[in-house]
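A short write-up of the structure that comes next.
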Amino acid sequence: MNIHNIPQIKHTESGNFFLLAGPCAIEGEEMALRIAEKLVGITDKLQIPYVFKGSFKKANRSRIDSFSGIGDEKALKILRKVSETFHVPTVTDIHTNEDAAMAAQYVDVLQIPAFLVRQTDLVVAAANTGKVVNLKKGQFMSPESMKHAVQKVLDCNNENVMVTDRGTMFGYQDMIVDFRGIPTMQQYASTVLDVTHSLQQPNQTAGVTGGRPDMIETVAKAGIAVGVDGIFIETHFDPANAKSDGANMLHLDYFEGLMNKLVAIRKTVNAF
């Protein structure tokens with residue numbers, strides 16, 4: 001995928017990694033605009049190509065009473081407002097074939113969740129919109145197997161596809177990143193490291209996913225050091241009270257400090 005094909009993306013000549021970042025879920029307009037404003041300021045300052053991330057709906061929930069969204073159209077309109085307000089591209093998850101055409105009217109990148117990346121009809125529906133498609137690697141899949149998911153998009157005459165590693169299951173309640181998979185998947189498509197989801201601790205007895213946010217900087221630094229094309233990070237100004245995935249999100253106050261370090265590492269890597 002040529003990053004220039006993402007509408008409105010800026011700073012593509014900077015030599016930096018590109019960034020997908022934002023809240024796990026769209027909880028409301030004020031929170032989305034607040035987070036976007038902060039992230040756009042940081043990425044403009046550091047010349048990082050940036051895509052705002054926010055899920056319009058959370059379909060993969062542990063419990064039936066878990067937050068799933070504020071309404072599909074309402075959340076999608078907020079994503080469009082973020083894009084129009086700050087002149088940045090946006091990405092959101094889709095879960096059904098019908099979601100693809102609907103979300104494509106509002107966002108620039110359609111993301112296939114890791115649990116659903118083997119669903120051929122869903123991948124094809126996303127590819128057929130002509131939008132950029134981000135394929136999350138299944139927690140249960142090898143890096144090599146993502147070749148076939150990428151090929152499904154290419155076979156739909158859509159070359160705008162990227163792959164995101166979000167960790168691999170390690171036992172029942174932990175995730176691990178195998179950094180050997182990064183160069184493997186880069187043979188198939190531009191490759192992103194989802195730092196925060198890689199630090200989830202799923203399948204907790206309480207029915208709420210846990211996480212290790214204290215390890216975000218460690219995993220992010222390692223990803224840049226091995227040459228990943230992009231970084232994915234979920235962030236919130238109040239993770240403890242976020243309605244989804246708060247246990248593994250980066251506090252918004254720490255975002256600029258981390259980006260400064262990652263940009264410095266990328267500059268060093270580029271020198272070799």
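Side-chain atoms are counted along with the backbone in the values below, which use heavy atoms only and exclude waters and symmetry mates.
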Requested in this report: Would you please name every residue forming a side chain to side chain contact (heavy atoms under 4.5 Å, CB included) with K38, sequence neighbours left out?
Outcome: I42, L252

Query raised in the report: Which word best sums up how the rings of H251 and Y254 line up, parallel for under 30°, tilted for 30 to 60°, or perpendicular for over 60°?
Result: tilted

Query - Side chain to side chain, F232 and K53, heavy atoms closer than 4.5 Å - result: yes

Requested in this report: Could you verify whether a donor N or O on one side chain and an acceptor N or O on the other, from K137 and T168, lie under 3.5 Å apart?
Outcome: yes

Let me have the donor-acceptor pairs involving side chains of residues 15-24, under 3.5 Å, with sequence neighbours excluded, atom names and distances please.
from: N16; atom 1: ND2; to: L46; atom 2: O; distance (Å): 3.0
from: N16; atom 1: ND2; to: Q47; atom 2: O; distance (Å): 3.0

Query raised in the report: If only atom types and distance count, is the side chain of T85 paired as donor or acceptor with the main-chain N or O of S83 below 3.5 Å?
Result: no

Can you give each donor-acceptor pair under 3.5 Å made by side-chain atoms of residues 143-151, sequence neighbours left out, with the distance rounded to 0.1 Å?
from: S145; atom 1: OG; to: S142; atom 2: N; distance (Å): 3.3
from: S145; atom 1: OG; to: S142; atom 2: O; distance (Å): 2.6
from: S145; atom 1: OG; to: S142; atom 2: OG; distance (Å): 3.4
from: Q151; atom 1: NE2; to: D155; atom 2: OD1; distance (Å): 2.8

Query raised in the report: Does any pair with a residue in residues 112-128 pass salt bridge (Lys or Arg N to Asp or Glu O under 4.0 Å), and if so which ones, sequence neighbours excluded?
Result: none

Query - Exercise: do H11 and D44 side chains pair donor with acceptor under 3.5 Å - result: yes

Report task. For side-chain hydrogen bond (donor to acceptor under 3.5 Å, both in side chains), just list the numbers for H4 and E13, CA-CA rounded to whole Å, side-chain angles, deciding distance to a tenth of an Å, and then say yes or no. Result -> CA-CA 10 Å; H4 294 85; E13 307 303 327; 2.8 Å; yes

Report summary line: Exactly one of L39, L258, D253, I216 clears side-chain contact (heavy atoms from CB on, under 4.5 Å) with T235, and that residue is L39

**Report entry** Contact check, side chains of E98 and M102, non-hydrogen atoms, under 4.5 Å
**Finding:** no

Requested in this report: Mind checking the CE-OG1 spacing from M185 to T164? Nearest 0.5 Å is all I need.
Outcome: 8.5 Å

Report task. Take R212 and D174 through the salt bridge (Lys or Arg N to Asp or Glu O under 4.0 Å) test and state the conclusion after the steps. Result -> CA-CA 10 Å; R212 290 289 307 277; D174 207 358; over 6 Å; no

Query raised in the report: For the side chain of K267 and the backbone of A271, is there at least one donor-acceptor N/O pair under 3.5 Å apart?
Result: no

Got a list of side-chain donor-acceptor pairs under 3.5 Å for residues 69-80, not counting sequence neighbours?
none

Query raised in the report: Same cluster or not: are V177 and F170 linked, directly or through other Ile, Leu, Val, Met, Phe, Trp or Tyr residues, by side-chain heavy atoms under 4.5 angstrom apart?
Result: no

Query - Electrostatic pair K136:D93 at N-O distance under 4.0 angstrom - result: no

Report summary line: dist D214:CG -> L250:CG (nearest 0.5 Å) comes out at 11.5 Å

Query - Between D108 and Q8: side-chain donor-acceptor atoms closer than 3.5 Å - result: no

Requested in this report: Please list, chain by chain and in numerical order, all residues satisfying side chain to side chain donor-acceptor pair (under 3.5 Å) with D165, sequence neighbours excluded.
Outcome: none

Query raised in the report: Side-chain donor-acceptor pair under 3.5 Å between H95 and Q119, yes or no?
Result: no

Report task. Please determine, by modelled atom types, if N5 and N2 share a side-chain donor-acceptor pair under 3.5 angstrom. Result -> no

Query - Main-chain N/O of I48 paired to S14 side chain as donor or acceptor, under 3.5 Å - result: no

Requested in this report: May I ask whether M215 and V228 are part of the same hydrophobic cluster, defined by side-chain heavy atoms of I, L, V, M, F, W, Y residues being less than 4.5 angstrom apart, directly or through others?
Outcome: yes

Query raised in the report: Taking a hydrophobic cluster as the set of Ile, Leu, Val, Met, Phe, Trp and Tyr residues connected by side-chain heavy atoms closer than 4.5 Å, whether directly or through intermediates, do V226 and I224 fall within one such cluster?
Result: yes

Query raised in the report: Has K10 got more than 12 heavy atoms of other residues, nucleotides or ligands less than 6.0 Å from its NZ?
Result: yes

Report summary line: In this structure, CZ of F179 is separated from OG1 of T184 (nearest 0.5 Å) by 13.5 Å

Query raised in the report: When hydrophobic residues are tied together by side-chain contacts of less than 4.5 Å, even through go-betweens, does Y106 share a cluster with L33?
Result: yes

Report summary line: To the nearest 0.5 Å, atom CD1 of I182 lies from atom CD of Q187 at 12.5 Å

Report task. Indicate yes or no for a side-chain donor-acceptor contact from T129 to the backbone of K131 under 3.5 Å, with no hydrogens or angles considered. Result -> yes

